[in-house]
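First up is the structure itself, then whatever we jot down about it.
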Amino acid sequence: MSMKSFPRRVLFLKVHKYFVNQLKNRSDSILRLWMDHCEYILSQRIRRGQQMLSLYTKICGDEELRELLSRLRRHVQRHAKSLMMGAVGFTFNWNEERITLESVREHFEAIDFVEELKNITLICKKCSKRRVIDKKIDGIEYCACGESVRTSSEDWEPYLERQNMIIWRKAQICGKYIYKVYGEYPDVSAEDFLHVQTDLEYRREWDSTAIALEMIDTDATPGSNSHVIYWEMLWPKLFANRDYVYNRRTFVDRKRQVIVIANRSTQHPKCPIKAANQRVSDYWSYMVIKSNKSFGRPGLRFVLTYFDDPGIVIPPTVTSWVAKKQMPDFLNRLYDATLKYAQKRRDEEVEAINRMYSYEKLRDPGYEYPPDPEVKETGKDDDTPSSPSSSSSGGQGRSILEDLNDEEEEQESEPKSKSWWRYFHPYYYFA
């Protein structure tokens with residue numbers, strides 16, 4: 001290569017790189033122009049078809065026009081099968097898109113991996129105390145040796161630490177990072193934590209960044225627990241909102257007391273790309289929840305491993321600021337929402353128990369009303385002394401049924417002509 005052609009090649013590469021960056025940054029405007037161009041071509045085709053139809057109507061007679069339309073109809077019917085097969089290719093295939101157990105099997109041991117990762121990257125060899133990641137947390141005794149944080153165990157580096165939360169990250173070739181979040185919640189049960197994350201209607205209440213969140217499709221296979229979800233996420237005013245179409249599946253291992261929520265981006269015919277949003281096509285996450293005792297009792301640990309490509313080149317300082325602010329805020333909102341849901345569930349259970357108890361009291365009050373009067377046996381005098389239980393002082397220890405029976409006896413001692421209760425007496429009409 002001559003020296004004269006070298007500057008030209010460098011100039012060509014710079015111009016090529018400039019145009020590629022311009023295309024990436026202006027993808028929305030280019031897509032809009034392309035859609036306008038397609039609409040223009042389609043309108044021209046429709047107009048030309050109308051003109052041809054009017055021309056043939058003038059030239060040909062009615063019979064020739066009917067013959068032309070019949071031939072066109074036979075042609076469409078002959079190729080209808082291929083058109084239908086082409087349409088089937090755009091339907092969602094659950095057999096191919098379903099998240100398999102083999103792909104998430106390694107994540108069932110994520111809690112053990114994080115415990116090992118903490119010992120490797122956060123524990124000082126000299127004093128066996130915790131190292132400081134970004135700032136100190138109250139209640140933790142940190143190392144004062146001044147050793148730098150090690151980055152080993154598959155190059156996971158400690159990135160952020162908050163109360164009951166530690167975040168690692170791992171660099172990728174594309175310049176993005178995979179994040180791994182570890183957290184502990186001693187006052188939250190695994191069942192409530194799972195419900196708050198999978199209940200889309202409730203998440204729209206506590207997550208203000210979820211502009212749109214709806215279930216698009218459900219796997220009909222029994223026991224699959226697979227769904228396709230559309231999610232539009234709010235971004236700052238200078239950026240377009242990001243939307244996701246992902247497949248979610250839940251796995252429960254009761255033997256190891258572990259729950260895995262797997263998410264992976266996919267494509268669905270019901271969710272075409274919107275020009276106003278930026279579709280995130282490369283996204284996956286694995287949430288592993290392990291209860292300390294049982295799924296229904298408080299106390300859990302979780303590990304969240306996720307990656308997404310927002311489709312835009314952001315400076316590292318901005319990316320770091322967003323990650324350090326957005327992830328802790330989201331997990332704090334998730335924690336508060338779980339506490340509110342657990343309290344609401346307990347209140348509903350107490351209310352249901354009280355309602356059932358009130359219904360039982362109303363259904364079985366313990367006596368019959370109106371009570372049947374007692375029938376005196378023949379051969380006994382009216383001056384028979386009462387039992388010791390009935391002659392107790394002040395009437396203490398007597399039941400409501402005994403009081404009502406005494407009242408009936410007093411009314412029976414009166415003449416029948418003076419009491420209207422005689423009409424309710426079962427033996428009045430046969431005496």
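All residue numbers in this chain count up from 1 along the given sequence.
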Are side-chain N/O atoms of [X] and [Y] paired as donor and acceptor at under 3.5 Å?
X: His227; Y: Asn247; answer: no
X: Gln343; Y: Arg346; answer: yes
X: Ser224; Y: Asp219; answer: yes
X: Thr121; Y: Trp168; answer: yes
X: Thr221; Y: Arg98; answer: yes
X: Tyr341; Y: Asp199; answer: no

To the closest 0.5 Å, what do you measure between [atom1] ([X]) and [atom2] ([Y])?
X: Asp308; Y: Ser265; atom1: CG; atom2: OG; answer: 9.5 Å
X: Asp243; Y: Leu213; atom1: CG; atom2: CG; answer: 12.0 Å
X: Arg297; Y: Asn292; atom1: CZ; atom2: CG; answer: 10.0 Å
X: Glu161; Y: Ile166; atom1: CD; atom2: CD1; answer: 5.0 Å
X: Gln278; Y: Ile273; atom1: CD; atom2: CD1; answer: 8.5 Å
X: Asn95; Y: Thr100; atom1: CG; atom2: OG1; answer: 12.5 Å

Taking only residues two or more places apart in sequence, or in another chain, which ones meet Arg248 in a side-chain hydrogen bond (donor to acceptor under 3.5 Å, both in side chains)?
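Expected list: none.
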Expected output: side-chain [X] to main-chain [Y] donor-acceptor under 3.5 Å:
X: Ser226; Y: Arg249; value: no
X: Thr338; Y: Leu334; value: yes
X: Asn277; Y: Arg279; value: no
X: Gln257; Y: Phe295; value: yes
X: Arg242; Y: Ala240; value: yes

Check: [Y] and [X] side chains under 4.5 Å, non-hydrogen atoms:
X: Ile216; Y: Ile229; answer: no
X: Ile289; Y: Gln197; answer: yes
X: Phe92; Y: Thr266; answer: yes
X: Ile211; Y: Met233; answer: no
X: Ile111; Y: Phe302; answer: no
X: Pro310; Y: Phe239; answer: no
X: Trp206; Y: Asp336; answer: no
X: Glu348; Y: Lys344; answer: yes

Report, as yes or no, whether the 6.0 Å neighbourhood of atom [atom1] on [X] holds more than 12 heavy atoms from other residues, nucleotides or ligands.
X: Glu97; atom1: CD; value: yes
X: Lys118; atom1: NZ; value: yes
X: Leu234; atom1: CG; value: yes
X: Glu349; atom1: CD; value: yes

Run the salt-bridge test on [X] and [Y] with the 4.0 Å N-O cut-off and return the result as yes or no.
X: Asp217; Y: Lys270; answer: no
X: Lys170; Y: Glu157; answer: no
X: Arg105; Y: Glu102; answer: yes
X: Glu109; Y: Arg256; answer: yes

Take Met165 and Leu331, measure what side chain to side chain contact (heavy atoms under 4.5 Å, CB included) needs, and give me the verdict at the end.
CA-CA 9 Å; Met165 182 193 311; Leu331 291 176; 3.6 Å; yes
Should the pair Tyr246 and Tyr283 be assigned to parallel (<30°), tilted (30 to 60°) or perpendicular (>60°) ring geometry?
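Rings of Tyr246 and Tyr283: perpendicular, over 60°.
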Quick one: sort the Phe251 and Phe108 rings into parallel, tilted or perpendicular, breaks at 30° and 60°.
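Judged by the thresholds at 30° and 60°, the geometry between Phe251 and Phe108 is perpendicular.
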What pairs of donor and acceptor atoms, side-chain ones from residues 179-190 against any protein atom, are under 3.5 angstrom apart with sequence neighbours left out?
unit_1: Lys180; atom_1: NZ; unit_2: Thr305; atom_2: OG1; d: 2.8
unit_1: Tyr182; atom_1: OH; unit_2: Glu115; atom_2: OE2; d: 3.3
unit_1: Tyr182; atom_1: OH; unit_2: Glu184; atom_2: OE2; d: 2.6
unit_1: Asp187; atom_1: OD1; unit_2: Tyr335; atom_2: OH; d: 3.0
unit_1: Asp187; atom_1: OD2; unit_2: Tyr335; atom_2: OH; d: 2.7
unit_1: Ser189; atom_1: OG; unit_2: Asp192; atom_2: N; d: 3.4
unit_1: Ser189; atom_1: OG; unit_2: Asp192; atom_2: OD2; d: 3.0

Going through the distances and angles, do Tyr286 and Tyr306 end up as a ring-ring contact (aromatic ring centres under 6.0 Å, His included)?
CA-CA 6 Å; Tyr286 297 94; Tyr306 76 96; over 10 Å; no
Check the pair Thr209 / Arg333 against side chain to side chain contact (heavy atoms under 4.5 Å, CB included), numbers first and verdict last.
CA-CA 11 Å; Thr209 62; Arg333 291 197 305 270; 4.1 Å; yes
Where His107 and Val288 come nearest, the two heavy atoms and their spacing:
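Where His107 meets Val288 most closely, the heavy atoms are O-CG2, 3.2 Å.
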Residue pair Cys271 / Tyr230: nearest heavy atoms and the distance that separates them:
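Here Cys271 and Tyr230 meet closest at SG-CB, 4.0 Å.
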Side chain to side chain contact (heavy atoms under 4.5 Å, CB included) between Ile178 and Gln172: does it pass, once the steps are laid out?
CA-CA 7 Å; Ile178 300 176; Gln172 299 296 295; 3.3 Å; yes
Decide side chain to side chain contact (heavy atoms under 4.5 Å, CB included) for Leu200 and Met215; before the verdict, give the C-alpha distance in whole Å, the side-chain angles of both, and the deciding distance to 0.1 Å.
CA-CA 8 Å; Leu200 303 183; Met215 190 177 298; 4.0 Å; yes
